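The structure appears below as structure tokens.
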Amino acid sequence: MAVQRTLVLLKPDAVQRGLVGTILARFEAKGLKLVALKLRKFAPATFETHYEPHKGKPFYPGLVKYMSSAPVVALALEGVDAIEVVRGLMGATNARKAAPGTIRGDLGMSFSNNLVHGSDSPESAARELAIFFADSAEVLDWSPVATPWIYNVAEELS
Ligand code: IDP
Ligand code: MG
């Protein structure tokens with residue numbers, strides 16, 4: 001158990017379909033803490049760097065084009081085991097196969113246009129947060145009043 005920060009992207013299809021509020025509400029309702037948020041149309045180069053581990057795969061050029069084609073919302077979320085928790089809420093990459101109850105499973109029909117990105121490891125989270133929130137002043141330290149109700153502080157936060 002560790003408090004982690006993770007990068008989440010609400011992809012162009014989420015923004016175009018008016019699902020930003022719906023998806024953000026799921027993360028908030030789960031108890032994840034919002035520590036950074038921005039809406040921006042990022043340059044292709046940003047996604048070339050972000051998706052560098054996928055470079056050379058057949059879907060890579062289309063992925064970079066899709067991600068830079070329209071605005072994206074970038075979030076940093078914090079919580080105990082936040083990386084795994086977010087990945088679970090997102091569901092499987094192919095939205096048609098993602099389990100009902102997950103974001104992709106409930107809201108999507110596509111393998112590529114699958115609404116949401118979440119970092120897959122602590123190393124990825126650190127690398128990706130530095131891309132989208134290079135200015136560390138954009139990531140806030142703050143204490144939600146609900147924290148001692150979301151967690152058992154003695155068991156999970158000390
Ligand atoms: P993830 O987003 O669930 O972590 P990754 O394997 O890291 O999935 O792939 C990154 C993104 O590339 C996916 O979210 C999806 O948009 C796209 N993608 C991955 N594999 C495929 C594929 O086989 N066909 C089409 N798009 C894909
Ligand atoms: Mg991935």
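Whatever order the structure lists ligands and atoms in, that order sets their numbers, starting from 1. Note that these values count all heavy atoms, side chains included, but never hydrogens, waters or copies made by symmetry. Because the structure is predicted, anything quoted here is derived from the model rather than measured.
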If only atom types and distance count, is the side chain of [X] paired as donor or acceptor with the main-chain N or O of [Y] below 3.5 Å?
X	Y	result
Lys33	Trp142	yes
Tyr60	Glu52	no
Arg96	Met109	yes
Asp81	Glu84	no

Flag the pair Phe132 / Phe42 as yes when their ring centroid distance falls below 6.0 Å, and as no otherwise. yes
Output the set of protein residues with a heavy-atom contact under 4.0 Å to ligand 1, ordered first by chain identifier and then by residue number. Lys11, Tyr51, His54, Phe59, Leu63, Arg87, Thr93, Arg104, Phe111, Ser112, Asn114
Any side-chain heavy-atom pair of Val8 and His117 under 4.5 Å: no
